[in-house]
Amino acid sequence: MTTSTTTPAGSAIAPRRRRADDVAGLGTARAGIFVAPALILIGIFLLFPAVWTIWLGMTDYRLTGLQAASPEFVGLDNYAEALTDPSFWNSLWLTLIFVLFSGIIGQTLIGFGLAWAVRNIHGWVKGLIEGLVLAAWVIPASVASFLWLALLDRRSGTVNGLLGTEGTAWLIDHPMESIIIFNIWVGTAFSMQLFSSALSAVPPSQIESAKMVGASGWQQLRDVIVPNIKGHILTNTLLITLWTFNTFTPYLVTAGGPNGKTEILSVYIYETAIPGGQLGLGAAISLIMLLINLVIALGYVRVSKGRKKR
Amino acid sequence: MTAIPQKVAANATVRHFLARVAFAIVMTIVGLLFALPMVWLVLAPFDATPSLSLSWPDWTLDNFARLAENPYALRSIGNSLLLGIGTMVIVVVLGALAAYAMSRIRIPGRDGILYGLLLLSSIVTGTAAMVPTYQIITQLGLINSYVGVLLVLAGGILPTVIFILKDFMDSIPKSYEESARLYGAGPFRILRDVVAPIARPGLAFISIWTIVQVWGNFLVPFILLRSPDLQPAAVLMYTFYTESGQADLRLISTFALLFSAPVLIIYFIVNRRYGFRFHGGIKS
């Protein structure tokens, strides 16, 4: 939108400068027309929802009934309701555990471990491992969730067969652990790929000199590898945190149950707003989620800016 | 190494060996964890009597024939294709126009705007914006229609698309456009006949990436579509096995493979050709 408002005032005065800037002869006005449709779409479906959430969160908007036709302004009531509701705090706590174990610890550590394991091998083993992990990431979430439902099935699931734990209902007895493992399975590929490329960029000479002075594998990792890829670790952690925090796919495995034991924030918003019909309250919680996203994203910006400067 | 006393060296070697064995065992377990569900996905559809546990199939192709007779399953794959291609067309056309203009015209703070948009798209995710999106689409009267789903998907994907395409457009030498202009070509013609062919790898990458994104997207069609006959495979697959306790495994396993195979094939072809070139929020 910015483009269409800047008029080509200098066109007559500085024709040479304009030519150098605009070889295609596009002209500012036409450039505005080119940019506008995309920006309008982004404005309506990305920018506006963010702003609209603030307003919606302060109304008693509901899916049905009187408040559906004419929602009333209730100020900060929704926030007060959310912040005093134990189920909101429970959901936030579950989200924290979920992000910590499936994202930050699980995906990052296992992704790094896999990248480390395959860095020096070539041929079909490397191809197979990377291919399997990548396939888990590419497969549609609906399919991935069904694969895990089958694997963890109480009566004939393969996990029970392998572990000799016949009759264990993993999704009911250990629901949080189940969605954590599921999310590690789905998302580890990103960390693996990122660390693979980071590891290949570590100067071999530094590793050689560390070996020369007799550093053990662990010491090499701590003193040579980690300092070299510190920026990648930070970037990876922030992105994984953001994505894990926002994922909705665990819903496909447990639907938030049993008894809300896996009701992470995304599922909680869905349950409150759409089946529960409390759009206003849902919007208030959405805004809290947006703000947390903002904080994580700003952290990411700071890290990536710092890395560029180096 | 010879300077180190023998005993210490031997100890270090043993420890080193044990650490390597432990690491190998852990990684094998992790590898198995990744392999198990995949083996089921590949084998079960070809089994005459698939069960939820892994087993060597009693090979048959009957399940695919049965799937072909199921109108809902096939229609949902068609719906996924329609949503994927529809979003792709919107995103590629609008994204290319915007990226081109942004690449060729100097706007003050342009990079800031682009970066801001990208940031915005990672903050306002489908999950966080679920309520306002649902409400806007309802107000526009677009609930239970593809137009609504397409617009929401395109709006979310466009910032990344513009960001990546601008990179491609920036790398096109301006001298090509200058000479095209000398022959009297207008901006639209230049874009179509000069810029688009050169930016083809970028456009192809974006197209494929968009289709893969939309193909697997569950949440947006799940909250915006109501009728079963409109639902894409991602949503239909979910309803397949929650409706009744009895799951038709012959149908589900075959459907799962048919639904996954296109993105898997596309993805591995692209990955082989272009390698790992993920920018920021490439998958949400």
* **Which atom of A:Ile184 lies closest to which atom of B:Phe34, heavy atoms considered** => O-CZ, 4.0 Å
* Shortest non-hydrogen contact from A:Leu46 toward B:Gly155 -> CD2-O, 3.8 Å
* To do: Check whether any side-chain heavy atom of B:Val131 sits under 4.5 Å from a side-chain heavy atom of A:Thr53, and report yes or no.
  => no
* So what's closer than 4.5 Å to chain A heavy atoms on B:Ile90: side chain, backbone, both or neither? -> side chain
* Asked: Passes side-chain contact (heavy atoms from CB on, under 4.5 Å), A:Ile181 versus B:Leu33? Steps please.
  -> CA-CA 9 Å; A:Ile181 303 239; B:Leu33 181 86; 4.1 Å; yes
* To do: Identify which part of A:Phe245 has an atom lying under 4.5 Å from any heavy atom of chain B, answering side chain, backbone, both or neither.
  => neither
* With rounding to the nearest 0.5 Å, note down the distance linking OG in A:Ser145 to CZ in B:Phe218. => 8.0 Å
* To do: Tell me, out of A:Gly43, A:Ala135, A:Ala255, A:Ala273, who's got the most heavy-atom pairs with chain B below 4.5 Å.
  => A:Ala135
* Return the set of residues passing side chain to side chain contact (heavy atoms under 4.5 Å, CB included) with B:Val39 (not counting sequence neighbours), or none when no residue passes. => B:Leu43, B:Leu54
* Looking at A:Gly113 and B:Phe23, what are the two nearest heavy atoms and their distance? -> O-CZ, 3.5 Å
* **Atom group of B:Leu257 that falls short of 4.5 Å from chain A, counting heavy atoms** => neither
* **B:Met38 side chain near A:Ile139 side chain, heavy-atom distance below 4.5 Å** => yes
* Check whether any side-chain heavy atom of A:Phe146 lies under 4.5 Å from a side-chain heavy atom of B:Trp40, and answer yes or no. => yes
* Hey, are the side chains of A:Ile42 and B:Pro159 touching, using non-hydrogen atoms and a 4.5 Å cut-off? -> yes
* Asked: Can you tell which of B:Val263, B:Leu151, B:Ile223, B:Val152 has the highest number of heavy-atom pairs within less than 4.5 Å of chain A?
  -> B:Leu151
* Asked: When heavy-atom pairs shorter than 4.5 Å are enumerated against chain A, which of B:Gln135, B:Met27, B:Met102 gives the highest number?
  -> B:Gln135
* Just wondering, do B:Ile137 and A:Phe45 contact through their side chains at under 4.5 Å, heavy atoms? -> yes
* **Close side-chain approach of B:Phe222 and A:Tyr270, heavy atoms under 4.5 Å** => yes
* **Spatial distance of atom CG (A:Asn293) from atom CG (B:Leu120) [nearest 0.5 Å]** => 11.0 Å
* Asked: Got A:Ile274 and B:Met130 here, is their nearest side-chain heavy-atom distance under 4.5 Å?
  -> yes
* Asked: Where does A:Asp153 contact chain B at under 4.5 Å (heavy atoms): side chain, backbone, both or neither?
  -> side chain
* Structure fact -> Interface check, chain A: of B:Asn217, B:Ile162, B:Leu41, B:Val30, most non-hydrogen pairs under 4.5 Å belong to B:Leu41
* Asked: Looking at CD1 of B:Ile123 and CD1 of A:Ile296, how far apart are the two atoms once the value is rounded to the nearest 0.5 Å?
  -> 10.0 Å
* Check: A:Pro49 and B:Ile136 side chains under 4.5 Å, non-hydrogen atoms -> yes
* Only counting residues at least two apart or in another chain, list the ones meeting side chain to side chain donor-acceptor pair (under 3.5 Å) with A:Gln107. => none
* Please indicate whether B:Arg110 has more than 12 foreign heavy atoms, meaning atoms of other residues, nucleotides or ligands, lying under 6.0 Å from its CZ. => yes
* Structure fact -> Looking only at B:Gly216, B:Ala129, B:Ala128, most heavy-atom pairs under 4.5 Å shared with chain A are made by B:Ala128
* **Contacting moiety of A:Leu265, where chain B heavy atoms sit under 4.5 Å** => neither
* Atom group of A:Leu114 that falls short of 4.5 Å from chain B, counting heavy atoms -> both
* Structure fact -> Of the listed A:Leu151, A:Leu287, A:Leu56, the one with the largest count of heavy-atom pairs under 4.5 Å with chain B is A:Leu56
* Asked: If you measure from CG on B:Leu117 to CG on A:Leu39, what distance do you get to the nearest 0.5 Å?
  -> 6.5 Å
* From CA spacing to verdict: side-chain contact (heavy atoms from CB on, under 4.5 Å), A:Tyr251, B:Thr127 -> CA-CA 12 Å; A:Tyr251 178 82; B:Thr127 324; over 6 Å; no
* To do: Side chain from CB out, backbone as N, CA, C, O: work out which of these in A:Leu47 comes under 4.5 Å of a heavy atom of chain B, or both, or neither.
  => both
* Structure fact -> Cut-off 4.5 Å, heavy atoms of chain B, and the answer for A:Leu294 is both
* Can you tell me how far the CD1 atom of B:Ile105 sits from the CZ atom of A:Arg30, to the nearest 0.5 Å? -> 10.0 Å
* **Between CZ on residue A:Phe48 and OG1 on residue B:Thr133, distance to nearest 0.5 Å** => 10.5 Å
* Intermediate values then yes/no, side-chain contact (heavy atoms from CB on, under 4.5 Å), A:Leu242 and B:Ser122 -> CA-CA 8 Å; A:Leu242 190 67; B:Ser122 60; 3.8 Å; yes
* To do: Heavy-atom distances under 4.5 Å only: say whether A:Ile129 touches chain B with side chain, backbone, both or neither.
  => neither
* **Heavy-atom proximity to chain B below 4.5 Å, by part of A:Trp55** => neither
* Asked: Which atom pair, heavy atoms only, marks the closest approach of B:Phe268 to A:Gly131?
  -> CZ-O, 3.5 Å
* **Pick from A:Gly280, A:Gly282, A:Ser286 with the largest number of heavy-atom pairs that fall under 4.5 Å of chain B** => A:Ser286
* To do: Show your reasoning for whether side-chain contact (heavy atoms from CB on, under 4.5 Å) applies to B:Tyr134 and A:Leu279.
  => CA-CA 9 Å; B:Tyr134 178 84; A:Leu279 288 171; 4.2 Å; yes
